[in-house]
Every structure is written in C-alpha cells, then in structure tokens.
Protein chains: 2
Amino acid sequence: MQQIVNFILEIDQLKAVTRKVRPVGLDRYENSAEHSWQIALFAAALAPYADRPLDLDRVIRMLLVHDLGEIDTGDTIVFAREGWQARKSAERVAVERIFGMLPKSSGEAFLGLWDEFEVAETVEARFAHAVDRAMPVLLNLNNDGGSWKEHGISYARVVERVGPEIEAGCPALWRYLELRLVEAHEKAWFGDELPNVQKPS
Amino acid sequence: MQQIVNFILEIDQLKAVTRKVRPVGLDRYENSAEHSWQIALFAAALAPYADRPLDLDRVIRMLLVHDLGEIDTGDTIVFAREGWQARKSAERVAVERIFGMLPKSSGEAFLGLWDEFEVAETVEARFAHAVDRAMPVLLNLNNDGGSWKEHGISYARVVERVGPEIEAGCPALWRYLELRLVEAHEKAWFGDELPNVQKPS
C-alpha cells in the first residue's frame, strides 16, 4: 500500500507541468494533468465516431498515463522541430522510474500502456493520438488562434504536424477540423514562421 | 461532431473549479479536473487491493465524470455540515445540462455513470468513493495537515467524515489510512473545530 501511495504522490507533480495552451477563459497555461483528464473524456465522447471497433477503456487508460514522463522532462510544444527522439527516450526513462515505484505487475501494466501509446500501432493508440493532437487545436480555435499566434505557428505547420495523426486515428474528426482550420486561416489566427524554421522543401 | 466539440469545450471549465487542497509543492489550490485525473489513476493502481472483484474501467469512467456538476455549482469542502442535499440536486441539474449537449446515447451513458457514483450502491461506485475521499487525505498527510489546519478541521471530524466511505469501498486502504491519521493526530496536524460546528452528541 505504501508503494501505491508513494506513486500517487509522485504523479501529483504532473499538475505542475505546464503546456502552451490556455484553458477556456483562463489566463494561465493548462497543465498536463488536467489535459490528460480532458482528453480521456474527449475519447469517450468521440468513440462513436471511430472508423473501426476499438477498446475505449484501453484508450482512456493510455491517455491517463501518456504524459507522465513529463514529470522529469517537462512538456515540449508539439511544433518543435528537433530533439523529439531524445525527449521521448528521456520520457521512457522517467516512466520506468515512476511506474517502477509500483508493485511489479501494476507497474508493468502501466508501462505497457505507455509503450503502446508511443509505438502508435494499435487502433486504440492511434485513436488516442488523434484525440491528444486535436484537443489543443480545439482550444486554440476557441481562443482566436491562441498558442499558434502566441508562438508564431503557421497554418501550414499546424496542418502538417497534426493532420496525419488525427486523420489516421479518427478520419471523421480530421474532416471536421480541416474545415475549421481553413476558416481560422482566413481569419488570420496563425503566426508567420521564420524562414529558418520553415518546412524543408 | 459539433455537439461533441461543444461538450468538450464546456467541460474545460472544470479546470477553473478550485478545491481546498494544494498539490505537492505548489502554493495554489488544486482544481477538480486534475483531481479527477489523479483519482482515476489512483483507482487503477489500487485495484489489486479491492476486497472483491470489480470492473475497474467503470470505476475510472465514473471518477472522470463525477465532479462535472461543479462547473455550475463550484466545489464544496467535504467537511461542510449542511446543504449537501441541495448541492447534490444542483449538481444533478448541471450534469443533465452538460451531458445533454451530447448525442442522446452518449449523454445518457455519461449520466448513468454520474448517477451510479452518486447512489453509491455498486461495488464500483463504492470503490470510486473510497478513492475520491482518500486522495485529499493523502495530500494533507503529505503536507503536514494542509487543509485540515488551514480550515480548522479536527481529527475526529476527518475520521467521522471520510472513514466509513473509505472503509466500505476499500477496507485495506482504510486500515492503512487509519494508522496514518493517528500519527498525524499525534503530530497536531489538525485544526480545533469551533463548538458550534462540532458533531452533535
């Protein structure tokens, strides 16, 4: 029991990991703990729109643990162009440490969920990725561009970065978002990226 | 799809509902969204200690939605002595409104989970209540008394208020906490309640 208590107090720190998007009507950035909660419910609400049968409960469990590595590494904006592999390796080390605090069978089950999300090969993991990618898009669309304007992210960069994963995991969601992103582009809700961070041709 | 998007942006407001407990190492109060995330994982980690077989996934889903009514009502400290019935009725009205934003079958499924938690008759609902009650206890134990001291809550009041629900839902968890609460009492981590809010004899 003490192992479980130590684990649950350790993961409390995810409440202190801030992301680059702001909740509706709040000035502060959202944190990765409340984000994880929201996308778990987003997955549950969106499940009828999945294009193939899936185990929603495994999607939910994956989403609840997928950001825990950030306790040691912090969050990185999805539009960063470099260092993804190194960060993911560091997150893997972090979750091994954190899940290692639990009794062996529980720890291994959690690590299995984390790995399944990262590898992104199962229907459930791909659906989970779609939901994770789509949520900040919805918050930014609801906030006149939000972090895209704030951090100078272009329309092309957003579509290129989040489109394939959302489309692969939940095509119906991407069909909806694609149109909303075009509308947002017409309203100039995106930033202009500097030439040296543009997509290589 | 637009209904689901409206729903997920509506529930974003739970990130702004503050509770009376502070996360580990942070000065701010925790909010009900990150709390819901944490107890969902607490339930998952604690499940091997359940005293009877249960559907963990239904526990997790219940915990993810159980506080959504607070979007309209705000959070009330668990040690409040009056007005519980009225607040619960107001929360029920709130979740009917919020789940009513979804397509009918999804909305009804979510409302069913919320009701199951409130009625607290199933094994899953009782386990969920135990986890929900225990989490702030663990945070306060980790913070030298935390909100008990800050809000003048006595040892007797804590044991009386959270003990029966935790014991009913997860006896092993209560056996652990009971001892920790005695230790905390010896360290004077509780407040002294005013006579007019003491337990009626």
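Within every chain, numbering begins at 1; the chains are lettered A, B, ... in the order of the sequence lines, protein sequences first and strands thereafter.
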Checking heavy atoms, do the side chain of [X], its backbone, both or neither come under 4.5 Å from chain A?
X	answer
A172(B)	both
I4(B)	side chain
L173(B)	both
I60(B)	side chain

Can you check side chain to side chain contact (heavy atoms under 4.5 Å, CB included) on L139(B) and L9(A), steps first, answer last?
CA-CA 7 Å; L139(B) 287 171; L9(A) 292 173; 3.9 Å; yes

Name the member of A40(A), S32(A), S106(A), P23(A) that forms the most heavy-atom pairs with chain B at distances under 4.5 Å.
P23(A)

Top contributor to chain B interface from M1(A), R28(A), E10(A), M135(A) [non-hydrogen pairs under 4.5 Å]:
M1(A)

Give a yes or no on whether E82(A) atom CD has more than 12 heavy-atom contacts from other residues, nucleotides or ligands under 6.0 Å away.
no

When you measure from the side chain of Q13(A) to the backbone of V24(B), do you find a donor-acceptor pair of N or O atoms at a distance under 3.5 Å?
no

Non-hydrogen side-chain atoms of W37(A) and H35(B) separated by less than 4.5 Å:
no

Might you work through the side chain to side chain contact (heavy atoms under 4.5 Å, CB included) test for D12(B) and N142(A), ending with a clear yes or no?
CA-CA 11 Å; D12(B) 196 76; N142(A) 191 61; over 6 Å; no

Part of D57(A) lying under 4.5 Å from any heavy atom of chain B:
both

